[in-house]
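Side chains are part of it too, since the values below use all heavy atoms of this structure and drop only hydrogens, waters and symmetry mates. Sequential numbering from 1 along the given sequence is applied to the chain's residues.
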Amino acid sequence: MDCHGSSFSSFKSYFHALSDTPRRFLRRAGSVSTTFEETSRLRSRSGVDMRKNLRWYDLICFGIGGMVGAGVFVTSGTASHDKAGPAVILSYAIAGLSALLSAFCYTEFAVHMPVAGGEFTAFLTGANLVMDYVLSNAAAARSFTTYLGTAIGISAESKWRITISSLPKGFNQIDIIAVLIILILTLIICYSTRESSVLNMILTALHILFIVFVIMMGFWKGDTKNFTEPSDPNHPGGFFPFGAPGVFNGASLVYVSYIGYDAVSTLAEEVKNPITDIPIGVSGSVILVTILYCLMAASMSMLLPYDLINPESPFTGAFVGHSNGLKWVTNVIGVGASFGILTSLLVAMLGQARYICVIGRSGVVPVWFAKVHSKTSTPVNASAFLGILTAAIALFTELHVLLNLVSIGTLFVFLMVSNAVIYRRYVSIETTSSWPTLSFLLSFSFTCIMFTLLWWLAPPGKPKGFMLGACSLAAVGLVQLFVYMVPQVRKPDFWGVPLMPWIPSVSIFLNVFLLGNIDKPSYVRFGFFSAVIVLVYVLYSVHASFDGEQEGNLCQKNIEMVKEPIDIENLTPKL
């Protein structure tokens, strides 16, 4: 094979690379690294290894800290008032189940650390997730300013944010406190993962104490009649005032409150015993957070009838509107929410740096991002770059603008992971054809999309019920036919998703279903950022990856030479 040197060594070389883009794209876009490549050759690009000093209790605290942020204090109000009523409790349970199923899929990849799917789809997925982290962290930092003001009785809008009239609306309020918080946390995560874990444990413990306080106050001062009786008799009553559609609408809305557990899987390289610690840490944190959310929703529903709950500030509104003089509790809520935002920020910033570190090892972004500092054993370059980028966005961009840009990308990533874990179990690059598995995934996804469109768009009535039932039977039949026709080629010795392929299939369905409730601006955002990501891949990543292949670092030949009869997963210790 001819070698033209680095594609970026000169303008002439780069223009030659651009002219060769179609061939390089076809060669590299579908390339797959073996487990051996991921765990040895590519990891060596980081230089120093990250220290393995985390255990399952660290991961549970990271998971809880990553999920229990500001989300539940915002989404629960809208979900109860406009969507589900008191049945928002079930909405949280359904969203938690969806998150748990996705967490199983994440865990399998975190334990075994392979790459399933092609380089292009992996880059599209990873880059979108990193951008979602950056935007959601910027939103969380700005909400920290608001809740901190609530805690001490100061209006953040008038006292702490600077309005610049010459800037467009939505980008004209300068938030210095949000920038300072992000930069301080960036320094902490650059210094040490162990110290970050200790800080996270402290903040998480304080936040859980606060949540328990809110739950106890709700059950103490609340009234169970509010579960079934609205304040206005003209409004729908009962525990399910908006029926089953309302419950699922609420689940779509509150799912954003579970975003953050995936950051735990990014810490796999720093876990002492990943085979047992990661499954316990990821699934345990999701289960505990689901229980907390359901109890918080019950507490909120007992304090006020659902039609009196403030959609924007449900818990502070519930205590302010209560007749027993509980306004002081709003200050406590401000303090507790501030702790929650700090923990979710800390975990998310740890996760986003490790995502881009792994992407940097593949060469599709500069390898500079993959470097691990020799003294701190942390990805300092990636942490610093993303911290500064997040701070810059948080400085100008208002909360409502940022929140419209987050959910769809994260659900898209969860959907891709669920598909990838099925692909990984049923396809071996050298020994099996990928078409039976790909055909199943495409057919099943299409059936899920049809079900979702019918659920949200079809008018109520018997025809709708018949079509929904037909789609459900078709989906179940496709899974059963796939189980019967296509054997698994890889069964993990350590830990894997149980009931394969049923659990990932249910996860695919739930993610597609929840995507059906995302608003139009989010899809516009997703299309715009995806176009930018594709442009970066075509103009830079595919050429850097192609250079790596020529040099033998990302070698297609290596995949052919390391033929995976020597399967890393099957090298179970015999001691």
So [Y] and [X], do their side chains get closer than 4.5 Å, heavy atoms only?
| X | Y | value |
| --- | --- | --- |
| Val179 | Ile182 | no |
| Ser445 | Asn419 | yes |
| Leu438 | Tyr423 | yes |
| Tyr426 | Ile422 | yes |
| Phe123 | Val365 | yes |
| Val483 | Trp502 | yes |
| Tyr523 | Leu515 | yes |

Side-chain donor or acceptor of [X] paired with backbone N/O of [Y] under 3.5 Å:
| X | Y | value |
| --- | --- | --- |
| Ser507 | Ile503 | no |
| Ser545 | Ser541 | no |
| Ser19 | His16 | yes |
| Arg142 | Ala394 | yes |
| Ser443 | Phe440 | no |
| Thr378 | Cys190 | yes |
| Arg425 | Val497 | yes |
| Ser285 | Val282 | yes |

* Counting only heavy atoms not in Phe446, do more than 12 fall under 6.0 Å of its CZ? -> no
* To do: Report, as yes or no, whether the 6.0 Å neighbourhood of atom CH2 on Trp368 holds more than 12 heavy atoms from other residues, nucleotides or ligands.
  => yes
* Asked: Do Arg23 and Asp20 meet the salt-bridge criterion of a basic N to acidic O distance under 4.0 Å?
  -> yes
* Between Ser13 and Ser7, does any side-chain donor sit less than 3.5 Å from a side-chain acceptor? -> no
* Asked: With a 3.5 Å cut-off and no angle check, do the side chains of Asp175 and Thr145 form a donor-acceptor pair?
  -> yes
* **Candidates Val512, Val479, Ile449 - the one meeting side-chain contact (heavy atoms from CB on, under 4.5 Å) with Phe444** => Val479
* What's the shortest heavy-atom distance between Pro436 and Phe482, and which atoms? -> O-CE1, 4.2 Å
